[in-house]
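What you are looking at is a predicted structure, and each value in this text was computed from that prediction instead of being measured. Reckoned from all heavy atoms, side chains included, excluding hydrogens, waters and symmetry mates.
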Amino acid sequence: MTQHAPYLLIDAGNSRIKWALVQPGGGQLAAGALAHDEVARAGGRSGLQSDSRPDSEPGAQPGWANWPAPCGAWVSNVAGADVAARIAALVHAQWPELPLTTIRASERQCGVTNCYAVPHSLGSDRWAGMIGAHAAFPGEHLLLATFGTATTLEALRADGTFIGGLIAPGWTLMMRSLGEHTAQLPTLDAARARGLLDASASAGGDTAGTGRSGPFFATDTPHSLSAGCTLAQAGLIERMWRDLQDEWRVPVRLVVSGGAVDEVASALKVPHTRHDSLVLSGLALIAADDMAQRGARSGG
């Protein structure tokens with residue numbers, strides 16, 4: 001492995017796994033994503049499916065074998081030990097003996113200071129995401145909202161100080177919980193809920209409020225569920241964004257991301273910026289920092 005070899009970055013969330021091969025200078029060679037059941041079916045086979053294709057067979061879906069060997073793998077995993085073992089098997093099936101680092105939150109890293117009472121207890125995805133956001137929006141106060149299995153919020157000062165955050169049920173989890181724990185409510189999955197929201201918007205019942213001056217009230221149970229959960233998510237974000245600006249008395253950029261970002265962000269009535277790769281961006285910075293420290297220790 002040379003100092004010019006790329007970094008393999010893996011973000012294992014509760015719903016899916018995203019990955020990227022990134023050059024030390026920051027250029028992305030390839031990226032992809034897949035669900036956990038796809039990793040389970042893959043077993044020890046290499047080659048998570050790629051979103052990027054080399055100039056070879058048109059329409060091909062190459063695996064990792066098509067790309068140069070990385071100098072190491074950096075993993076953020078919040079999905080548990082079984083997923084960690086599957087990821088390790090996939091990595092080592094393609095690149096045996098490749099160094100694999102599973103990151104953890106620390107007190108300070110890459111310009112971000114962690115004010116959690118127990119720094120290591122902060123989720124690695126939230127930590128990497130804050131590192132990525134601090135670099136992406138330098139000198140700005142930030143509120144990060146990530147809409148995944150859980151909805152998480154992080155308040156990050158311009159100097160990189162993470163003052164704390166919130167965790168709430170995610171959009172899909174909120175709908176599923178209502179369906180599973182009430183006798184007369186349906187259980188909506190994300191696909192059906194998105195269809196209901198789209199149908200409401202096209203019919204003039206815009207759940208985001210963008211086409212209406214007043215609140216949206218649905219006239220059937222599935223629409224009530226999908227809209228209610230969407231607006232519950234949006235209301236939390238808007239409340240915390242306003243409270244944070246009132247407390248800090250400075251402008252705060254709201255940055256949104258995650259699997260349900262389209263649905264929830266469409267309902268927001270406050271300015272916001274979308275960023276779809278904060279965790280991977282943070283992992284790239286952590287990888288570069290690790291490699292620099294290894295080089296310093298080896299005298300290189």
Side-chain angles (χ1 to χ4, degrees), residues 1-13 16-34 39 46-56 60-79 83-84 86-88 90-106 109-112 123-138 144 146 148 160 255 257-259 261 273-296 300:
M1 306 296 175
T2 72
Q3 60 180 336
H4 302 296
Y7 311 138
L8 174 61
L9 313 172
I10 300 175
D11 170 21
R16 63 178 187 154
I17 297 170
K18 296 194 292 184
W19 65 271
L21 269 173
V22 176
Q23 295 173 318
Q28 182 173 285
L29 296 175
L34 72 168
V39 179
S46 63
L48 300 182
Q49 293 300 298
S50 171
D51 289 339
S52 301
R53 300 178 176 89
D55 295 330
S56 55
Q61 290 287 334
W64 285 342
N66 299 84
W67 304 102
C71 60
W74 283 262
V75 181
S76 166
N77 175 32
V78 297
V83 171
R86 292 168 187 161
I87 290 172
L90 284 170
V91 171
H92 292 303
Q94 178 61 48
W95 296 297
E97 309 304 323
L98 183 74
L100 191 153
T101 302
T102 300
I103 72 155
R104 295 182 65 194
S106 58
Q109 192 173 29
C110 298
V112 177
S124 61
D125 54 345
R126 298 173 71 193
W127 181 240
M130 283 188 282
I131 289 173
H134 181 60
F137 306 102
L144 309 180
T146 304
V255 183
S257 62
V261 66
T273 302
R274 179 169 174 167
H275 195 304
D276 289 323
S277 57
L278 287 177
V279 175
L280 291 174
S281 297
L283 284 172
L285 293 168
I286 292 170
D289 185 60
D290 283 353
M291 293 302 294
Q293 292 185 36
R294 292 176 195 177

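- Atom OG1 of Thr101 sits about 6.0 Å away from atom CH2 of Trp74, to the nearest 0.5 Å.
- Between His275 and Ser281 the shortest side-chain heavy-atom distance falls below 4.5 Å.
- Put simply, OG1 on Thr102 and CD1 on Ile87 are 8.0 Å apart, with the number rounded to the nearest 0.5 Å.
- Judged by distance alone, the side chain of His134 and the main-chain N or O of Ala136 form no donor-acceptor pair under 3.5 Å.
- Among residues two or more places apart in sequence or in another chain, the side chain to side chain donor-acceptor pair (under 3.5 Å) test is passed with Glu97 by none.
- To the nearest 0.5 Å, the span separating CD on Gln23 from CG on Leu29 amounts to 4.5 Å.
- Distance check, rounded to the nearest 0.5 Å: CG of Asp289 to CD of Gln109 gives 6.0 Å.
- Taking CD1 of Ile17 as the start and CG of Leu90 as the end, the distance is 7.5 Å to the nearest 0.5 Å.
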Task: Residue pair Val75, Val91: steps toward the side-chain contact (heavy atoms from CB on, under 4.5 Å) verdict - done: CA-CA 11 Å; Val75 181; Val91 171; 6.0 Å; no
Open item on the list: Please determine whether side-chain contact (heavy atoms from CB on, under 4.5 Å) holds for the pair Trp127 and Arg104, giving the CA-CA distance in whole Å, both sets of side-chain angles, and the decisive distance to 0.1 Å.
Closed with: CA-CA 8 Å; Trp127 181 240; Arg104 295 182 65 194; over 6 Å; no
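- Of all the heavy atoms in Tyr7 and Cys71, the pair that sits closest is CD2-SG, 3.5 Å.
- When every heavy atom of Cys110 is checked against every heavy atom of Leu285, the shortest pair comes out as SG-O, 3.7 Å.
- Note: Asp125 CG to Asn77 CG = 9.5 Å, rounded to the nearest 0.5 Å.
- Taking the salt bridge (Lys or Arg N to Asp or Glu O under 4.0 Å) definition, one finds that Asp276 meets it with Arg274, sequence neighbours left out.
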TODO: In sequence, state the C-alpha distance, the side-chain angles, and the governing distance for Ser277 and Gln28, and then conclude on side-chain contact (heavy atoms from CB on, under 4.5 Å).
DONE: CA-CA 12 Å; Ser277 57; Gln28 182 173 285; over 6 Å; no
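- Of all heavy-atom pairs spanning Pro6 and Pro68, the tightest one is CG-O, 4.0 Å.
- Relative orientation of the Trp19 and Trp64 rings is perpendicular, given thresholds of 30° and 60° on the angle between their planes.
- Applying the side chain to side chain donor-acceptor pair (under 3.5 Å) test to Ser124 and every residue at least two apart in sequence or in another chain returns Ser76.
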